[in-house]
There are 2 protein chains.
Amino acid sequence: MSTIVMNSPQSPMWRSPVTAADRLLLEIQRTIVEGEIESGSKISEPELARKFNVSRAPLREALARLERCHLIERIPNAGARVVKLSTEGLLALYQIREELEGLACRLAAENMDDAEIQQVQELLNQHLDTQRVREGESYYQEAGDLDFHYRVILGSKNPYLINMLCDELYFLVRMYRVQLGMNGPRVSRAFDEHKAIINAIANRDGELADLLMRRHIAASRVNIELKLQQLGK
Amino acid sequence: MSTIVMNSPQSPMWRSPVTAADRLLLEIQRTIVEGEIESGSKISEPELARKFNVSRAPLREALARLERCHLIERIPNAGARVVKLSTEGLLALYQIREELEGLACRLAAENMDDAEIQQVQELLNQHLDTQRVREGESYYQEAGDLDFHYRVILGSKNPYLINMLCDELYFLVRMYRVQLGMNGPRVSRAFDEHKAIINAIANRDGELADLLMRRHIAASRVNIELKLQQLGK
DNA sequence: CGGCTCTTGATTGTCGACAATATTTCAGAT
DNA sequence: ATCTGAAATATTGTCGACAATCAAGAGCCG
């Protein structure tokens, strides 16, 4: 029912006792994804610690997790840098996404129960309404798309797969999309593709769902690749 | 030439200034994989810190990385436990392995240069010799198998893929194999399968290499599954 | 006697200071 | 003027102590 972006079990988002490191992680993740800290810039531990009014201990914990989701790169005794976006990086990232989300579809077709599937279908219609009401506002499309993918991934019921996609890869995916201003034109087409995928899952046709998801992601990749090139020039 | 188990770039193994947390990580990884710390048992930070004569700071850094490769599970304010092996876990793990290593083969067929491929082929022959000389000694088979898979994965040239497989998944794979005593019977058959895979890569037939690798991993999974069941009874 | 609450004990999370390492600066020589 | 080398500076890695939180057991009440 809600449009909340769900996360996997070990994400800090819904852990009961939210620790300082958890808050820091969420905050810095947002900061990096939205581009408030420039891509490629160096991260100073003392500076960030002062900025967020915490000690370096929880900050370093947060940095460790940021490295885990590929948003920063650390070199021992030298420091951390925000990851730099590139065409090669995008390609490498989406190669994995295609493969893993395809697998997720196949597993979801086996493991999602009817109620969950129906829930996703209703969700899609909701998103369509919201999006029609607020044409042009990209955030809702972003959130809607993420929500759909999260549901399918969770539907796979494979903990490792869920962890890899939701916790390790998706923040980077969002970073590409947000920083390259991915919003407008693909909205309605993406909706149709989502619909086709969940229908295939509803028909328990994992193979088809796999194929459709791979194409869906490939289309998204081409879209971003284009933007990246035209911005590069 | 060497039979050294290579690791991906961000593994501590070959970082020039080896920090205390790096040493701890390697040591504890080994300890868990070999089963010296019982599967499912709780981990006490003060106790481990005393045992290794270090402060809790680098230890916690190491624990964070252990969580990353799924060898321990942490609950905030409650502590960490060594992961428990199970049939479901094995299945979930190998589902991903099949998919990702299949992808690795396809990419390796595109991206490995002839010299690298030849190197792997020579390596295989070396392993065969070593293994014939020391029949029954499982360690060499373990190491040889790992070495082969590592080479192919590195051959994909996809940093995310390399990181996921070598740094996040493979320690758990090794834990299953070591703790269930996987060594003897599949040795020579595995060698043939390895040979077929690298040949397909040499012929730049990524699709075939993909298929063969999936079967190879599936066979390995069935093998372990059997052992797991017969030990479970 | 069983179940609940509170206290006690231990563990984890956080802090500030110190040690080890990398980066920058500046003087001197070619 | 450029390069080399060493001192100075800043950053990261590690340490020990304190605060916050959780688990276990004693005591009380129904």
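All chains are named by letter (A, B, ...) in the order of the sequence lines, taking the proteins before the strands, and each is independently numbered beginning at 1. Everything quoted here is computed from the prediction, not taken from an experiment.
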With B:Leu165 as reference, evaluate B:Leu100, B:Val173, B:Leu103 under the side-chain contact (heavy atoms from CB on, under 4.5 Å) test and give the passing residue. B:Leu100
May I have the distance from A:Glu47 (atom CD) to D:dT11 (atom P), rounded to whole angstrom? 9 Å
Is the phosphate of C:dG13 approached by B:Arg60 (side-chain N or O, under 4.0 Å from OP1 or OP2)? yes
Scan side-chain atoms only and decide if B:Glu101 and B:His149 contain a donor-acceptor pair under the 3.5 Å cut-off. yes
Mind checking if A:Leu24 touches a base, just sugar-phosphate, or nothing, with heavy atoms under 4.0 Å? nothing
Once you measure the plane-to-plane angle for A:Tyr160 and B:His70, does it fall in the parallel (<30°), tilted (30-60°) or perpendicular (>60°) bin? perpendicular
Which listed nucleotide (D:dC15, C:dC15, C:dT12) is nearest to the side chain of B:Ala57? D:dC15
Partner of A:Asp145 under salt bridge (Lys or Arg N to Asp or Glu O under 4.0 Å), chosen from A:Arg174, A:Arg151, A:Arg177: A:Arg177
Given atom CG of A:Asp22 and atom C1' of C:dT14, what is their separation to the nearest angstrom? 13 Å
Whole-Å gap separating C1' (C:dC15) and CG (A:Asn53): 13 Å
For atom CD1 of A:Ile43 and atom P of D:dT12, their distance in whole Å: 10 Å
Counting just side-chain N and O atoms, does A:Thr19 come under 4.0 Å of either OP1 or OP2 of C:dT12? no
To the nearest Å, how far apart are A:Ile75 CD1 and D:dG13 P? 11 Å
Let me know the distance between CD of B:Glu45 and P of C:dG13, rounded to the nearest Å. 6 Å
Pairwise distance CG(A:Leu172) to CD1(A:Ile96) - rounded to 0.5 angstrom: 11.0 Å
Please determine if a side-chain N or O atom of A:Ser44 lies less than 4.0 Å away from the OP1 or OP2 oxygen of D:dA10. no
Students often get this wrong, so: under 4.0 angstrom with heavy atoms, is A:Leu63 touching a base, only sugar-phosphate, or nothing? nothing
Rounded to whole Å, how long is the line connecting atom CG of A:Leu59 with atom C1' of D:dT11? 13 Å
Describe the nucleic acid contact of B:Ala20 in one word from base, sugar-phosphate, nothing, applying a heavy-atom distance below 4.0 Å. sugar-phosphate
What's the closest nucleotide to the side chain of B:Asn77 if the choices are D:dT21, D:dT14, D:dG13? D:dT21
Residue closer to the 5' end of DNA chain C, B:Ala78 versus A:Pro58 (nearest nucleotide): B:Ala78
Would you indicate, yes or no, if C:dA10 has its OP1 or OP2 atom less than 4.0 angstrom from a side-chain nitrogen or oxygen of B:Lys42? no
Could you check how far CZ of B:Arg74 sits from P of C:dT12, rounded to whole Å? 9 Å
